[in-house]
There are 2 protein chains.
Amino acid sequence: MAKDKTNIYDVAKKAGVGIATVSRVINDSDKVKAETRDKIIQVMNELDYRPSKVAQNLAKQKSNAVAVILPSFVDHFFVEVLKGIQDSLEKKEVDLILYKIDVDEKRISKIMDIVHSRKVDGIAAITMNISNSNYQELLESEMPVVIADERSKDFHSIYFDNIKGAEMAVDYLFNSGHQKIAFINGDPEHYNAQERFQGVKKAFKKHKLDLDEKYIIESDFYAEDGYQSMQELLELPRSQWPSAVFAASDNQAIGAIQALEERALKAPDDIALIGYDNIELAKYLKITTIWQPMYKLGQLTIEVLLKAIEGDLKERFEKELDLSLIKRETA
Amino acid sequence: MAKDKTNIYDVAKKAGVGIATVSRVINDSDKVKAETRDKIIQVMNELDYRPSKVAQNLAKQKSNAVAVILPSFVDHFFVEVLKGIQDSLEKKEVDLILYKIDVDEKRISKIMDIVHSRKVDGIAAITMNISNSNYQELLESEMPVVIADERSKDFHSIYFDNIKGAEMAVDYLFNSGHQKIAFINGDPEHYNAQERFQGVKKAFKKHKLDLDEKYIIESDFYAEDGYQSMQELLELPRSQWPSAVFAASDNQAIGAIQALEERALKAPDDIALIGYDNIELAKYLKITTIWQPMYKLGQLTIEVLLKAIEGDLKERFEKELDLSLIKRETA
DNA sequence: CTGTTAGCGCCTTCAC
DNA sequence: GTGAAGGCGCTAACAG
């Protein structure tokens, strides 16, 4: 076995001091004579010594790392959120451990694994539909947690008003003259989908439109789902086609556009289309959409989490981020 | 102070055994009587006990985590790579710690921080331009490292043949009848950019085209750079416009399209355009491009890294991934 | 099969 | 200011 990593004892010995003093300069405590400090620093450089974070973590019971839990890596929504997360993490010296956890029955148990692992000081759970699970255990763990993209009455949370967003979309379509409006929703199990549906219903009621069942499609948030759903709509007799479609995500809208294109149809000429999220793609594809400030969501989530970790948060933090409609070319 | 986390002693005491035995069932060693094992497992459940990863890491000198280092989070190229990474990490029980490190003079030092932290068992560095730095220290550290998107003679590496890729692009343009071909390159400091330029020169020579300096633009790999560069080209007298442009990244191609659109120009009618990478956007924007299998790059990188960590890799691993041209509508 | 004991590398009182 | 010693929670020989 080759010479092992140098540790605090090597430094202490070579510098002719005790390990406690070395530890003090590592954690730059002021109670060290400048002279000995310099000597120690010099030795540390000579030996190319750097403290083991793992050992520090164990001793300090703190890891300087946070867990970010997502249901997916690729979805553009999360990429945007991640960017915000990274940007506000970079300033601090905090590591980012990324976990992908599916939104299923075992998600809380998997999160508890993370809690118990002691590898992180806090957890940010993005779009995990926590409220629809038995999160008692997590709540009792005393681990700082912030829930993003979902309102919570027990954890810190940062979220969007889905009802309002959906309402904005339908309002816009209605005010543009549409009466036959279809809604392609996301996973009905999901909080966000449920709320958006509520928003749709609310807007329909407001405009005295009636809710035609064949115009309400439940699928999931991905492009493939949007594609399928639009197919479904287009299989209706042409006279029954909606004049406008509201998709619960831009990904779905993109899929819907594909379905349209395959039949040489175009939005908004044949059927108007509005998406949701405002992912980067929406800009290039010129999709009219509801903008959820995802970058800001990520940023704020981490800021709040770090505060919670520091214990600077006396009360539960709760904030709704504003939505806005981005008018482009598909509606 | 509330009751602290339960530890291995709590379990041992309650189960009436020694901690070694508890440790054995944690690491499911077979040398435990079924009876006592059951008893211990039961107690572990009652106490909701789970071992501290941090303590295990320290004792085992192993962290079951890998560091992935990227120069950017948002770039679509990396997102695609990340997906591959995540997918092959998910099968194993290995954590992913993500670091964003700029490609500057201090990058090796920052990487060494990670090495010494002992938080990870291995490192994957994506597009970090390692070869252009003094990496001696990293090499000597014995930390398993794999370099992705860059050829290395000292580390395991997985990469693309940039020369060939660039050649393919120019060949295609030439064979489509173009003689006045411009090249918008990425950051000239960067390995990949340098090689792509070489490929361009090689292809030009082959086709007996001469390299007109005003058609060679050095910028960087992002959309904004492509936009600027295309502007520059369009500011030439119309008679001197190139008939085709090869952009060293799809991002740049997207920027270039913007510049074109602003002048009501269109690819390929006014100026043909070919990109590089085949990011997802390229598909939707119908950009003809050179496809680098980024997902596969990510996947393979992790596979190799995990093998290196296990010590299953006797020799240095080196692999070039195949490129292909995706013909779409811009050229 | 199982308990004892010494680390893993660092932090943190507590004396000096 | 500084050193000695115990502790963080777990693993890994080494004895039984």
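Numbers restart at 1 for each chain; the letters A, B, ... are given by sequence-line order, proteins then strands. These numbers come from the heavy atoms of this one structure, side chains and all, not from hydrogens, waters or symmetry mates.
With sequence neighbours excluded, the residues satisfying side chain to side chain donor-acceptor pair (under 3.5 Å) with A:Y295 are A:D87.
Atom NZ in A:K5 sits about 17 Å away from atom C1' in C:dC10, given to the nearest Å. Rounded to a whole Å, the CD1 atom of A:I40 is 14 Å from the P atom of D:dG1. When rounded to the nearest whole Å, the span between CG of B:N7 and C1' of D:dC8 equals 9 Å. Per the geometry, CE belonging to B:M44 stands 16 Å off P belonging to D:dG9, to the nearest Å. Between the CG atom of B:N57 and the C1' atom of D:dC8 there is a distance of 13 Å, given to the nearest Å. Atom NZ in B:K13 sits roughly 14 Å away from atom P in D:dC10 (whole-Å rounding). Atom P of nucleotide C:dG9 and atom NZ of B:K62 are separated by 17 Å, given to the nearest angstrom. In this structure, NE2 of B:H116 is placed 18 Å from P of C:dC8, rounded to the nearest angstrom.
In this model, the phosphate group of C:dG7 is not approached by any side-chain N or O of B:Q61 to a distance below 4.0 Å at OP1 or OP2. The shortest distance between the side-chain N/O atoms of A:T36 and the OP1/OP2 oxygens of D:dG1 is not below 4.0 Å.
Here the two rings, on B:Y135 and B:F155, have centers that are under 6.0 Å apart.
Using a 4.0 Å heavy-atom distance criterion, B:V17 is classed as a sugar-phosphate-only contact.
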Handout entry: Nucleotide-resolved protein contact map, nucleotides 11-16 of chain D, B/S/- at heavy-atom distance under 4.0 Å
Key = BBB---

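Comparing D:dC10, C:dG9, C:dT2 by their nearest atom to the side chain of B:T21 picks out C:dT2.
Using a 4.0 Å cut-off between a side-chain N of Lys or Arg and a carboxylate O of Asp or Glu, B:D102 and B:R107 do not qualify as a salt bridge.
Between A:H76 and B:H76, the two ring planes are tilted [angle within 30° to 60°].
Other residues, nucleotides and ligands contribute over 12 non-hydrogen atoms within 6.0 Å of the NZ atom of A:K110. Counted within 6.0 Å of NZ on B:K14, heavy atoms from surrounding residues, nucleotides or ligands total more than 12; the atom is thus considered enclosed.
Sequence order on DNA chain C of the closest nucleotides to B:L58 and B:G16 puts B:G16 first from the 5' end.
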Exercise for the section: Apply salt bridge (charged side-chain N to carboxylate O under 4.0 Å, His left out) to the pair B:K39 and B:E46, showing each step before the final yes or no. Expected result: CA-CA 11 Å; B:K39 173 65 181 168; B:E46 281 171 18; 5.9 Å; no

